[in-house]
Amino acid sequence: MTHPQYQAPGVPGAASEPPLWAPYYGAPFKVAIQRFFKKYATFHGRASRSEYWWWALVSVLVSFVINIISGAGAAATTDLTTGTGGAGSMFGIILGFLWFAATIVPSLALVVRRLHDVNLSGWFLLVVLVPFLGAIALIVMMILPSNPAGQRYDRPEGQPVGY
């Protein structure tokens, strides 16, 4: 389902992708991932549930694959006399670090935009610092439906920061 505000010009009923500054409700998988990287360090605006959860799925799957590679590499190159991992283990650690470094900023930005979509301050992200319960609270906030009052966090192109 696309947002009714974003319709293709001149074609009744034909939907088009919303502008990058706006949330894309019902975003398809490929578009959600593209928007994640296009909005790399954008902490203003909003993100729909589909934008958030498609990225969460990709992130979990890639992390799972990296862990398998790391574990398989460690098992294949472990020195049985010392119990230390070798080159395969190091490759997995480096790969995991590169994935983390490449995705930490856009992931935090996406969470902040998702919080904005439910009309919460991005500072609620800090609730994750509360052991165990903080992560559960953040997941609940990510599940909440969009709140129209969250539009106050939008910043259309060309608008200054304090508009």
Side-chain angles (χ1 to χ4, degrees), residues 1-7 15-71 74 89-163:
M1 177 181 144
T2 58
H3 195 278
Q5 179 180 354
Y6 309 112
Q7 299 294 324
S16 65
E17 185 176 326
L20 200 54
W21 61 264
Y24 189 167
Y25 299 104
F29 174 78
K30 182 180 175 185
V31 174
I33 303 310
Q34 289 172 342
R35 288 172 68 92
F36 171 80
F37 285 108
K38 286 179 182 176
K39 297 168 98 172
Y40 194 87
T42 304
F43 287 83
H44 59 81
R46 298 176 292 150
S48 67
R49 281 191 285 191
S50 57
E51 288 178 273
Y52 175 80
W53 288 108
W54 280 127
W55 173 251
L57 175 66
V58 167
S59 182
V60 166
L61 291 177
V62 170
S63 297
F64 182 71
V65 168
I66 288 172
N67 283 333
I68 289 175
I69 291 170
S70 181
S89 176
M90 186 56 70
F91 175 73
I93 291 170
I94 291 170
L95 193 60
F97 174 77
L98 290 174
W99 173 252
F100 173 80
T103 60
I104 186 66
V105 170
S107 294
L108 292 173
L110 180 63
V111 170
V112 168
R113 291 193 313 269
R114 180 71 198 116
L115 287 168
H116 289 171
D117 193 49
V118 298
N119 196 30
L120 294 172
S121 169
W123 290 105
F124 274 93
L125 170 64
L126 296 177
V127 75
V128 79
L129 298 176
V130 176
F132 185 67
L133 296 177
I136 293 172
L138 190 62
I139 288 171
V140 168
M141 287 184 252
M142 297 297 103
I143 293 171
L144 292 173
S146 297
N147 184 337
Q151 290 178 354
R152 66 189 174 119
Y153 293 103
D154 287 348
R155 190 181 313 157
E157 286 104 12
Q159 292 292 332
V161 174
Y163 86 100

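Hydrogens, waters and symmetry mates are skipped; everything else that's a heavy atom, side chains included, is used.
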**OP:** Kindly give the heavy-atom pair with the smallest separation between V112 and L125, and that separation in Å.
**Re:** CG2-CD2, 4.2 Å
Subject >> Approximate separation, where rounding is to 0.5 Å, of W53 CH2 and I143 CD1 >> reply: 5.0 Å
Subject >> Pairs satisfying salt bridge (charged side-chain N to carboxylate O under 4.0 Å, His left out), at least one member in residues 48-57, at least two apart >> reply: R35-E51
**OP:** Mind listing the closest non-hydrogen atom pair of S146 and Y25 along with its distance?
**Re:** OG-CE2, 2.9 Å
Subject >> N/O donor-acceptor pair under 3.5 Å between S48 side chain and P23 backbone >> reply: no
**OP:** Kindly give the heavy-atom pair with the smallest separation between S50 and G26, and that separation in Å.
**Re:** OG-N, 3.2 Å
**OP:** Give the intermediate values and the outcome of side chain to side chain contact (heavy atoms under 4.5 Å, CB included) for residues L108 and F43.
**Re:** CA-CA 8 Å; L108 292 173; F43 287 83; 4.2 Å; yes
Original post:
Is a side-chain N or O of K39 found less than 3.5 angstrom from the main chain of L110, in a donor-acceptor match?
Top reply: no
**OP:** Over 60° means perpendicular and under 30° means parallel, so classify the ring planes of F29 and W54, tilted if in between.
**Re:** perpendicular
Subject >> Contact summary for N119 and R152, nearest pair of heavy atoms >> reply: OD1-NE, 2.7 Å
Original post:
Taking the inter-plane angle between the rings of Y153 and H116 on a 0 to 90° scale, is it parallel (under 30°), tilted (30 to 60°) or perpendicular (over 60°)?
Top reply: parallel
Original post:
Are the side chains of L115 and M142 in touch, meaning some heavy atoms are under 4.5 Å apart?
Top reply: yes
Subject >> Test item: W99 side-chain N/O and I66 main-chain N/O as donor-acceptor pair under 3.5 Å >> reply: no
Subject >> Flag, side chain of R114 to backbone of A47, donor-acceptor distance under 3.5 Å >> reply: yes
Subject >> Crowding at OH, Y40 (>12 non-hydrogen neighbours, <6.0 Å) >> reply: yes
Original post:
Is the CZ atom of F100 crowded by more than 12 outside heavy atoms at less than 6.0 Å?
Top reply: no
Original post:
Of V111, L138, I136, I139, which is the lone residue that meets side chain to side chain contact (heavy atoms under 4.5 Å, CB included) with V128?
Top reply: L138
Subject >> Atom pair OG/CG of S63 and L95 - distance to nearest 0.5 Å >> reply: 10.0 Å
**OP:** Measure the CZ-CZ distance between R113 and F36 for me, rounded to the nearest 0.5 Å.
**Re:** 8.0 Å
**OP:** Give a yes or no answer on whether the side chain of S107 reaches the backbone of T103 with a donor-acceptor pair at less than 3.5 Å.
**Re:** yes
Original post:
Which atom pair, heavy atoms only, marks the closest approach of I104 to A101?
Top reply: CG2-O, 4.0 Å
